[in-house]
Asks: 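Handing you this structure, nothing more for now.
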Amino acid sequence: SQTQISDSYAVFAEENIACPNGASMPGALWDGSKILIWSGSKLKDNFLRKKMLDDLSIQSVIGVPLMSKTSAIGQLVFLFQNDDLDDKEWIVTLDFLSKQLGDETARKIKEIEFELFYSSAPDILAVIGSEGQFVKVNPSFCSLLGYSAEEIKSKPSDYFLHPDDIIDASMESMSVKRSVRNENNFLNRYRTKSGVYRWISWSYSNTFNLDNCYFAYGRDVTQIIELQNMLDSAANLSKMGAWEFNLENKQYYWSTMMR
């Protein structure tokens, strides 16, 4: 039955067999990047899984490279228990499949690569919609604020902002949407789930797609801001006034800070 054939093929498929360039069907597909149809002596002489051919009574094999532009990025191998295939008909059909699946596979690979970059980035990455809401946020942002991605996306960005920063943030957002770019490293404070505020330095992309979304890149600079405040306080303390009294002439001398 078809189920038995599929189960048997799955067992053979688990065997790891190395195919050097040009060897067997997979190697030949990588080498030539064109549809191959093997049967008869061609199949028996070149196919490495000979036991599988015998056990499953395979008479013909068609190999299809998945093409994206001019490069093969994957392949499909079809096994048949008959050898009376119409080569021309199959090639016309599979040539279309090769290009369609190749382009779709390439798109999916890029999508996976982007998601891997997005999810593993140590800094904040987000997509912001035209109304100022978060459309997409990465785990680093969630970890910083203590909210889940769904919680962040379900509320307007103003919900998380310090009240004193809302107007400036709104003006910055308008500038981005009008493509009148303000300088990068725009600072504001975001409230975490525990109620503590964190300073975030933001940079933005131009808007994209019909919804006028834009990318936001953020970095938690709370420690830098707190250190700067501490240094400013130390500088002010260092300017503390002083005075002295001259016992000989009975006069006081006051520093500028004490006058």
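Computed from heavy atoms alone, side chains included, the values below leave out hydrogens, waters and symmetry copies. These numbers come from a predicted model, not from an experiment.
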Asks: Find the distance between OG (Ser98) and CD1 (Ile91) and round it off to the nearest 0.5 Å.
Replies: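 Taking OG in Ser98 and CD1 in Ile91, the distance rounds to 11.5 Å.
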Asks: Roughly how far apart are Leu56 CG and Arg49 CZ, rounded to 0.5 Å?
Replies: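 Here the rounded value is 11.0 Å.
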Asks: Main chain of Gly132, side chain of Ser157: is a donor-acceptor contact present, judged purely on distance under 3.5 Å?
Replies: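 A pair under 3.5 Å: yes.
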Asks: As an exercise, state the distance from CG of Leu101 to CZ of Phe96, rounded to the nearest 0.5 Å.
Replies: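 Between Leu101 CG and Phe96 CZ, I get 9.0 Å after rounding to 0.5 Å.
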Asks: Less than 4.5 Å apart, side chain to side chain, heavy atoms only: is that true for Thr105 and Ser68?
Replies: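 No, every pair of side-chain atoms sits at 4.5 Å or beyond.
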Asks: Should Val135 and Val137 be regarded as members of a common hydrophobic cluster, given that ILVMFWY residues are connected when their side-chain heavy atoms come within less than 4.5 Å of each other, either directly or indirectly?
Replies: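 No: no chain of side-chain contacts under 4.5 Å links Val135 to Val137.
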Asks: Is it the case that the side chain of Asp211 and the backbone of Cys213 share a donor-acceptor pair, with hydrogens and angles ignored and the cut-off at 3.5 Å?
Replies: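 Checking the backbone N and O of Cys213 against the side chain of Asp211, no donor-acceptor pair under 3.5 Å is found.
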Asks: Could you work out, with side-chain contact (heavy atoms from CB on, under 4.5 Å) as the rule, every residue matching Ile62, not counting sequence neighbours?
Replies: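 Residues passing side-chain contact (heavy atoms from CB on, under 4.5 Å) with Ile62: Ile35, Ile37, Val64, Phe78, Phe80, Leu85, Trp90, Leu94.
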Asks: What is the distance from atom CG of Asp220 to atom OG1 of Thr192, rounded to the nearest 0.5 Å?
Replies: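 Reported to 0.5 Å precision, the distance equals 10.5 Å.
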Asks: For Glu131, is there any backbone N or O sitting under 3.5 Å from a side-chain donor or acceptor partner on Gln133?
Replies: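 Checked: pair present.
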Asks: Going by the rule salt bridge (Lys or Arg N to Asp or Glu O under 4.0 Å), which residues pair with Arg107 if we only count those two or more places apart in sequence or in a different chain?
Replies: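 By the salt bridge (Lys or Arg N to Asp or Glu O under 4.0 Å) rule, Arg107 matches Glu104, Glu111.
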Asks: Rounded to the nearest 0.5 Å, what separation is found between the NZ atom of Lys193 and the CG atom of Leu145?
Replies: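 With rounding to 0.5 Å, NZ (Lys193) is 10.5 Å from CG (Leu145).
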Asks: I'd like to know if the side chain of Asn188 and the backbone of Asp164 have a donor-acceptor N/O pair within less than 3.5 Å.
Replies: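 The answer is no, because no donor-acceptor pair under 3.5 Å joins these two groups.
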Asks: Specify the closest pair of heavy atoms between Leu29 and Pro65, including all atoms of both residues, with the distance to one decimal.
Replies: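 Smallest interatomic distance, heavy atoms only, reads CD2-CD, 3.8 Å.
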Asks: Taking the six-membered ring of Phe160 (Phe, Tyr or Trp), confirm whether the NZ or CZ of Arg198 is under 6.0 Å from its centre and within 45° of its axis.
Replies: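 Arg198 over Phe160 ring: no.
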Asks: Given side chains that start at C-beta, do those of Leu187 and Ile225 come closer than 4.5 Å, heavy atoms only?
Replies: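 A side-chain contact under 4.5 Å exists here.
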Asks: Looking at Lys99 and Asp95, is there a salt bridge between them, counting it only when a charged N and a carboxylate O are closer than 4.0 Å?
Replies: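 The answer is yes: the pair qualifies as a salt bridge.
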Asks: Pair Met230, Leu227 - check side-chain contact (heavy atoms from CB on, under 4.5 Å), show working.
Replies: CA-CA 5 Å; Met230 184 175 68; Leu227 177 60; 3.4 Å; yes
Asks: Give a yes or no on whether a salt bridge exists between Glu113 and Lys108, defined as a side-chain N under 4.0 angstrom from a carboxylate O.
Replies: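 A salt bridge is absent here (no side-chain N lies under 4.0 Å from a carboxylate O).
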Asks: Rounded to the nearest 0.5 Å, how far does CD1 of Ile128 lie from OG of Ser205?
Replies: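 So the OG of Ser205 and the CD1 of Ile128 are separated by 9.0 Å.
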Asks: Are Leu144 and Tyr159 co-members of a hydrophobic cluster defined by side-chain heavy atoms under 4.5 Å apart?
Replies: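 Yes; Leu144 is reachable from Tyr159 via cluster members.
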Asks: Would you find more than 12 non-hydrogen atoms of other residues, nucleotides or ligands less than 6.0 Å from Arg219 atom CZ?
Replies: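 No - once you tally the heavy atoms of other residues, nucleotides and ligands closer than 6.0 Å, there are 12 at most.
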Asks: Flag yes if more than 12 heavy atoms outside Lys44 fall under 6.0 Å of its NZ atom; otherwise flag no.
Replies: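 Open: at most 12 neighbouring heavy atoms sit under 6.0 Å from NZ of Lys44.
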Asks: Does a side-chain heavy-atom distance below 4.5 Å link Met25 with Leu36?
Replies: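 SC-SC contact between Met25 and Leu36 confirmed.
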Asks: Same cluster or not: are Ile152 and Leu125 linked, directly or through other Ile, Leu, Val, Met, Phe, Trp or Tyr residues, by side-chain heavy atoms under 4.5 angstrom apart?
Replies: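 No: no chain of side-chain contacts under 4.5 Å links Ile152 to Leu125.
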Asks: Are the aromatic rings of Phe141 and Phe134 close, with centres under 6.0 Å apart?
Replies: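 That pair passes the under 6.0 Å test.
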Asks: Quick one: do Val127 and Leu161 end up in the same hydrophobic cluster if we chain Ile, Leu, Val, Met, Phe, Trp and Tyr together by side-chain heavy atoms under 4.5 Å apart?
Replies: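 Per the 4.5 Å side-chain linkage, Val127 and Leu161 are not co-clustered.
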Asks: Verify the neighbour count for atom CD1 of Ile112: are there more than 12 heavy atoms of other residues, nucleotides or ligands below 6.0 Å?
Replies: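 Atom CD1 in Ile112 is packed in, count exceeds 12.
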Asks: Spell out, yes or no, whether Phe186 and Val221 are grouped together once hydrophobic residues are joined by side-chain heavy atoms under 4.5 Å, including indirect joins.
Replies: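 Unlinked, Phe186 and Val221 end up in two clusters.
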Asks: Trp202 pairs by ring-ring contact (aromatic ring centres under 6.0 Å, His included) with which of Phe215, Tyr217, Tyr190, Tyr214?
Replies: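 The residue from Phe215, Tyr217, Tyr190, Tyr214 that satisfies ring-ring contact (aromatic ring centres under 6.0 Å, His included) with Trp202 turns out to be Tyr190.
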